[in-house]
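All heavy atoms count here, side chains included; hydrogens, waters and symmetry mates do not. A, B, ... follow the sequence lines: proteins, then strands. Residue 1 opens every chain.
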Protein chains: 4
Amino acid sequence: MAVESEVVPESVPSLADLDGSRRTPATARGARTRAALVAAARVVFERDGYLDSRLSDISAEAGSSTGTFYTYFTSKDEILQAVIEAAQQDMLHPGTLHLEAADASPIAVIQASNRAYFESYQRNVKMMIIFEQLAGSDPKFRKLRALRGQAFTRRNARAIADLQSRGLADADLDPFLAARALSGMIGRIAYTTYALEEHVPIEELVAVTTRLWANALRLQFDESELEVR
Amino acid sequence: MAVESEVVPESVPSLADLDGSRRTPATARGARTRAALVAAARVVFERDGYLDSRLSDISAEAGSSTGTFYTYFTSKDEILQAVIEAAQQDMLHPGTLHLEAADASPIAVIQASNRAYFESYQRNVKMMIIFEQLAGSDPKFRKLRALRGQAFTRRNARAIADLQSRGLADADLDPFLAARALSGMIGRIAYTTYALEEHVPIEELVAVTTRLWANALRLQFDESELEVR
Amino acid sequence: MAVESEVVPESVPSLADLDGSRRTPATARGARTRAALVAAARVVFERDGYLDSRLSDISAEAGSSTGTFYTYFTSKDEILQAVIEAAQQDMLHPGTLHLEAADASPIAVIQASNRAYFESYQRNVKMMIIFEQLAGSDPKFRKLRALRGQAFTRRNARAIADLQSRGLADADLDPFLAARALSGMIGRIAYTTYALEEHVPIEELVAVTTRLWANALRLQFDESELEVR
Amino acid sequence: MAVESEVVPESVPSLADLDGSRRTPATARGARTRAALVAAARVVFERDGYLDSRLSDISAEAGSSTGTFYTYFTSKDEILQAVIEAAQQDMLHPGTLHLEAADASPIAVIQASNRAYFESYQRNVKMMIIFEQLAGSDPKFRKLRALRGQAFTRRNARAIADLQSRGLADADLDPFLAARALSGMIGRIAYTTYALEEHVPIEELVAVTTRLWANALRLQFDESELEVR
DNA sequence: GATGAATGAGATTTCATTCAT
DNA sequence: TATGAATGAAATCTCATTCAT
């Protein structure tokens, strides 16, 4: 159920669908070079930011020449997509684990999801900042940013509707809008905490956001359910 | 009380404190030119985006020469500060009006604040996108972004604590963190709606966010209070 | 007799002859403003160098506005001329005093002249550097630089020829070329000492240069004449 | 022995020690391009002067694009260093030849050195003017200017001290200061003749300066030694 | 596949000088 | 006379991308 990162939404679109990558390495050596470039790009982007990074720095960091870059990517844009893709995987993956337990209480699921989200956000904060930033100027990334949110929101909306139909959640809420608002709340407080560096211990973040979700949906719960793991 | 835009927080910091603008106009003519440049900058930024805008376009839009720009500003950065400053004023101001009514119910105040916030966000969405974007790369703007949020959060935290002390709100919530999460929720859904252009009628936004606030704080309210204005 | 700075050569050309200064102040207030500008220019030139100085800085230093500058001067070039003129006066003036004593021995005159030259060079070193520098790029100043040297050389050549005719100096020397070489020696060692900052006590400079002059011309002298003043 | 240009002083510092050039060509093609830029820079500097030259002119003269300039140099300053370096080599080199003859008389050595100096100064006069000019404003070049003079002075001082110890030169002269003054005399008269264009046949320059050196040091010599080559 | 040199469009920035008040 | 705002030509410098080796 519930938060943005809950489950890997099969519908989250891949940037790979949008572009035509220049080439898939044919040889093992080529695959190694390509992987080195992607890894180097993340290092450079995190160090210098996307706009202030230079392709030559990425090549250098990867130990290859400028020309080699163009063997695998057509633009800076394209390698960024590869890097974001990888970061997304990490953002989405962890949630799945916790949520397989089908018999978990709604509260427990929300709590686990929130925690997983904050942990992965923290790991990927630099790339999240860059992603957010690009969404501000490049329509392609803005679209992608929107799609990601929508996928989460749709799934959470389904979960909320389910709880409503079982009489467990406030029936007067529009499930889709509520999902959007509450997912956004999680995303934003993660941004504030890790991107704007207003440090708060993760346990407190988990506690307060889980309680707010529960209250906002008018879920019935026992105080013990909100205790720290 | 309550949401991010509730009241003009006297403590919201001005960028003017941070920079030493090149020159303050000594004559009325100078003041006119400077104002024309700021207005032109907003037009150009909204039209072309911050990064793709050129100083020469701003000068041209203002009807002056490139050199004149440098009479009043040292960089694109600096004039952006002036533009954001103006946008902030507009973001912060409207809320005040509604909230003077001391006898308004908490729900009514939240509702009015939310509406005012969404309206002003819509008016300034292009600049908000740019501001968000810059906060991602420039520490100066990031700091400012953080300070703005803090000012709102602090005030809302005070309001929540007040409601708690009167026995009206969930006493188990940390008022400061709750304020941060709920303020963020409003800001983020405004971003999604207007910046990412996932259109939702403002009445629905107001309705759902107000109900979520009320639920989240466990305020007692009558359904009629949540009816559209 | 002798060194570059010996006597105010009536023939040293003034820059005023070359240009048409914009205007001579008609009022006392105007004269004051003009004087303030010249003084300010020297301060700014010495502080920032000629090329890196801005007219606006000169105006500001003088306490007037940029526009006022053009009431008295037509260009940066022109005010530099005024400043150099003033410095030249100081370079040339001191020598006269010592040399009026017609019965002084040649050695004593050379010694006094050298000392006077080093002292005034030290006072005006910053402007000398600027003058030398301008001579490197601007034909007008190069011409002036040459004329100044020539005036000194001509006079010193006359003195050398006089000594030769009296049988006191090496008759095999071309008086004009010798004068040029020996005057240049003084000028250059002053440059090295004060402009390139290779510090040597002035007494040592005076002693060695005077002895070299005496030797070079094969003047007969008593060691006691070379003792420090 | 003796004049500024006598021997290649192994201690003359290279500017290459001071800077970190942008890139050292890795291929022959790169080396060719870099060399073409340095040659073009000298042409442009001599034609237009340093201050009035534009980087784009250097690139054009070298037959490459503006961007290529920045592949090898970071600034006009930096390429000037390379050009001066080359000119210095030419200034310093010629003297060596003449002086190998260990049995040459002191007078003959001085004479040959002076001639070599004047000849190389004439070849490089435009660059010497520029160097002198830059020394007036840029501390880096001023330092270099000073170091060059010092290297010559030190060596000449050694030669003078040697002559003194053999009883051949005036023992009352401080060898270091005398060397500085006499080296400077040569440098300055070369400047006057070639930079300020006060034309004097080189034979006369050699004759008068050699005689002045000999006299100044009180060397014993036969008139025949001073005859033109 | 890999290399690294070459390209060049175009934005920023300066400041002497003019001019309306 | 004094003011100070306005002007605008012109030069530097960057770096994604291409291409010959």
Undergrad: Applying side chain to side chain contact (heavy atoms under 4.5 Å, CB included), run through A:Leu80 and A:Arg42 and close with a yes or a no.
TA: CA-CA 8 Å; A:Leu80 173 62; A:Arg42 174 154 180 162; over 6 Å; no
Undergrad: Of the nucleotides F:dT7, F:dA16, E:dT17, which one has an atom closest to the side chain of B:Ser64?
TA: F:dT7
Undergrad: Between B:Arg54 and E:dA11, is there a side-chain N or O to OP1/OP2 distance below 4.0 Å?
TA: yes
Undergrad: For DNA chain F, whose closest nucleotide is more 5', that of B:Thr33 or that of A:Lys76?
TA: B:Thr33
Undergrad: Taking the nucleotide of DNA chain E with the nearest heavy atom to each, does C:Ser56 or B:Ser53 sit closer to the 5' end?
TA: B:Ser53
Undergrad: Determine, for A:Phe45 and A:Lys126, whether the Lys NZ or Arg CZ falls below 6.0 Å from the six-membered ring centre while staying within 45 degrees of the axis.
TA: no
Undergrad: Can you tell me the distance, in whole Å, between the OH atom of C:Tyr70 and the C1' atom of E:dC15?
TA: 9 Å
Undergrad: Does the distance from a Lys or Arg side-chain N to an Asp or Glu carboxylate O, for B:Asp48 and B:Arg54, drop under 4.0 Å?
TA: no
Undergrad: Just by distance, no angles: are the side chains of C:Thr68 and C:Ser65 close enough, under 3.5 Å, to form a donor-acceptor pair?
TA: yes
Undergrad: 5'-most contact on DNA chain E: D:Ser65 or B:Ser75, nearest heavy atom basis?
TA: D:Ser65
Undergrad: Looking only at side-chain atoms of A:Arg29, point me to the closest of E:dG1, F:dG4, F:dT3.
TA: E:dG1
Undergrad: Base, sugar-phosphate, or nothing for A:Ser59, non-hydrogen atoms under 4.0 angstrom?
TA: nothing
Undergrad: What is the separation between atom CZ on A:Arg32 and atom C1' on E:dA2, rounded to the nearest whole Å?
TA: 14 Å
Undergrad: Under 4.0 Å between a side-chain N/O of A:Thr27 and OP1 or OP2 of E:dG1, yes or no?
TA: yes
Undergrad: In terms of side-chain heavy atoms of B:Thr66, which of E:dT14, F:dA5, E:dA6 is nearest?
TA: E:dT14
Undergrad: Can you tell me the distance, in whole Å, between the CZ atom of A:Phe69 and the C1' atom of E:dG4?
TA: 16 Å
Undergrad: Rounded to the Å, how far apart are A:Ile79 CD1 and F:dT17 C1'?
TA: 15 Å
Undergrad: Measure from the side chain of C:Tyr72, starting at C-beta and using heavy atoms only, and say which of F:dT3, F:dT1, F:dT14 lies closest.
TA: F:dT1
Undergrad: For E:dA20, which nucleotide is its Watson-Crick or G-U wobble mate, given both distances must be under 3.5 Å?
TA: F:dT3
Undergrad: For atom NZ of A:Lys76, decide whether the heavy atoms of other residues, nucleotides or ligands shown that lie under 6.0 angstrom number more than 12.
TA: yes
Undergrad: Just to be sure I understand the rule, does D:Thr68 reach a base, reach only the sugar-phosphate, or reach nothing, if contact means heavy atoms closer than 4.0 Å?
TA: base
